[in-house]
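This report refers to the structure that appears directly beneath it.
Both backbone and side-chain heavy atoms feed into the values below; hydrogens, waters and symmetry mates do not.
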Amino acid sequence: MAAQPKLQRDYLMSPTEVIMSYQTLLEHSNRMLASVRNEDWEALIETEVEYVREVERLSHAEAGVKLSEDQQLSKLQLLSTIMDQDREIRERLVARRTMLEQTLLSMQKKQKLEHTYSS
């Protein structure tokens, strides 16, 4: 895996770049939601890595950027959609974890029974 270049901490995005970055986050969120709905766990993880990279880039470069009222509204709308999707993603992941836990418990019980009967 190639090393990622470090962002300069003094780089500031333009207001337009900030909004574009939030749109990129929403695109990643859309793909993550589609992946979890399709139970495509590998694609989910790959997209989540891209999402985290964009969040890190945005967190370093957005500081101090002044957005117009329209841009602030766009940012809030994008964030609201991202948060709603994040909630559904988390709910589906919790349901998946619960199903995996139940499967694991069932397998453990089966192994215990098989061990008991073979003894």
Side-chain angles (χ1 to χ4, degrees):
M1 180 179 262
Q4 295 293 320
K6 296 280 184 190
L7 287 174
Q8 295 177 354
R9 292 205 183 263
D10 58 351
Y11 171 77
L12 292 180
M13 293 179 161
S14 71
T16 301
E17 289 173 317
V18 169
I19 299 304
M20 289 173 57
S21 187
Y22 279 100
Q23 289 170 338
T24 299
L25 287 176
L26 179 57
E27 291 168 11
H28 292 319
S29 179
N30 288 335
R31 288 198 310 271
M32 289 179 355
L33 183 57
S35 295
V36 79
R37 285 176 175 169
N38 294 323
E39 297 185 3
D40 186 348
W41 310 116
E42 187 174 323
L44 173 66
I45 292 168
E46 290 171 5
T47 306
E48 193 170 25
V49 168
E50 295 171 11
Y51 181 90
V52 168
R53 283 185 187 143
E54 188 65 23
V55 167
E56 288 175 358
R57 185 179 83 85
L58 182 60
S59 69
H60 293 298
E62 180 185 17
V65 175
K66 302 293 183 207
L67 301 177
S68 70
E69 285 185 35
D70 286 344
Q71 291 167 328
Q72 289 176 11
L73 181 59
S74 292
K75 177 181 170 180
L76 288 175
Q77 290 170 335
L78 290 164
L79 280 172
S80 177
T81 303
I82 291 167
M83 303 264 304
D84 287 344
Q85 290 180 344
D86 181 66
R87 188 172 14 270
E88 182 178 343
I89 291 166
R90 281 185 283 121
E91 288 170 356
R92 288 176 178 262
L93 287 173
V94 166
R96 173 72 174 168
R97 182 186 68 203
T98 300
M99 191 257 329
L100 289 173
E101 288 171 346
Q102 290 171 347
T103 301
L104 183 59
L105 284 173
S106 176
M107 290 175 58
Q108 289 172 341
K109 287 179 184 178
K110 181 179 176 185
Q111 286 178 339
K112 191 174 183 177
L113 281 173
E114 288 174 354
H115 179 71
T116 300
Y117 284 116
S118 66
S119 297

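Put simply, the side chain of V65 does not reach to within 4.5 Å of the side chain of E17, judged on heavy atoms. Side chains of L113 and K110 form no contact here, defined as non-hydrogen atoms less than 4.5 Å apart. Residues R57 and M13 have side chains in contact (heavy-atom distance under 4.5 Å, counting atoms from C-beta outward). Side-chain contact check for L78 versus L25: every heavy-atom pair is 4.5 Å or farther apart. Using a 4.5 Å heavy-atom threshold, the side chains of E69 and L73 count as separate. Here the side chains of T24 and Y51 are not in contact, with every heavy-atom distance at 4.5 Å or above.
To the nearest 0.5 Å, the span separating CG on L67 from CD1 on I19 amounts to 5.0 Å. Here the CE-CG distance, from M107 to L104, works out to 6.5 Å after rounding to the nearest 0.5 Å. Once rounded to the nearest 0.5 Å, the distance linking CD of E27 with CD1 of I82 reads 10.0 Å. To the nearest 0.5 Å, the span separating OG1 on T81 from CG on D86 amounts to 12.5 Å. Between the CD atom in Q23 and the NZ atom in K75 there is a gap of 13.5 Å [rounded to 0.5 Å]. Between the CG atom in N30 and the CD atom in Q85 there is a gap of 4.5 Å [rounded to 0.5 Å].
Under the rule for a side-chain contact (heavy atoms from CB on, under 4.5 Å), the partners of E88 that lie at least two apart in sequence or sit in another chain are L33, R37, R92.
A donor-acceptor contact shorter than 3.5 Å links the side chain of S118 to the backbone of H115. Judged by distance alone, the side chain of E114 and the main-chain N or O of Q111 form no donor-acceptor pair under 3.5 Å. Counting only distance, with no hydrogens or angles, the side chain of E46 and the backbone of A43 share no donor-acceptor pair below 3.5 Å. Between the side chain of T103 and the main chain of M99, a donor-acceptor pair closer than 3.5 Å is present.
Placement of V49 and L58 in two distinct hydrophobic clusters is found when ILVMFWY residues are connected by side-chain heavy-atom separations under 4.5 Å, directly or transitively. Transitive grouping of hydrophobic side chains (ILVMFWY, heavy atoms separated by less than 4.5 Å) brings L93 and M32 into a common cluster. Placement of L79 and L26 within a single hydrophobic cluster is found when ILVMFWY residues are connected by side-chain heavy-atom separations under 4.5 Å, directly or transitively. Both I89 and V55 are part of a single hydrophobic cluster, where members link through side-chain heavy atoms under 4.5 Å apart.
By the 4.0 Å N-to-carboxylate-O rule, R97 lies close enough to E101 to be salt-bridged with it.
Applying the 6.0 Å contact sphere to CD of E42 captures no more than 12 heavy atoms from other residues, nucleotides or ligands.
Judged purely by distance below 3.5 Å, without hydrogens or angles, the side chains of Y22 and Q71 never pair a donor atom with an acceptor atom. Judged by distance alone, the side chains of S80 and Q77 never bring a donor and an acceptor atom under 3.5 Å apart. Inspection of the S21 and E54 side chains reveals an N or O donor paired with an N or O acceptor under 3.5 Å.
The minimum heavy-atom distance linking L12 with A63 is given by the pair CD2-O, 2.7 Å.
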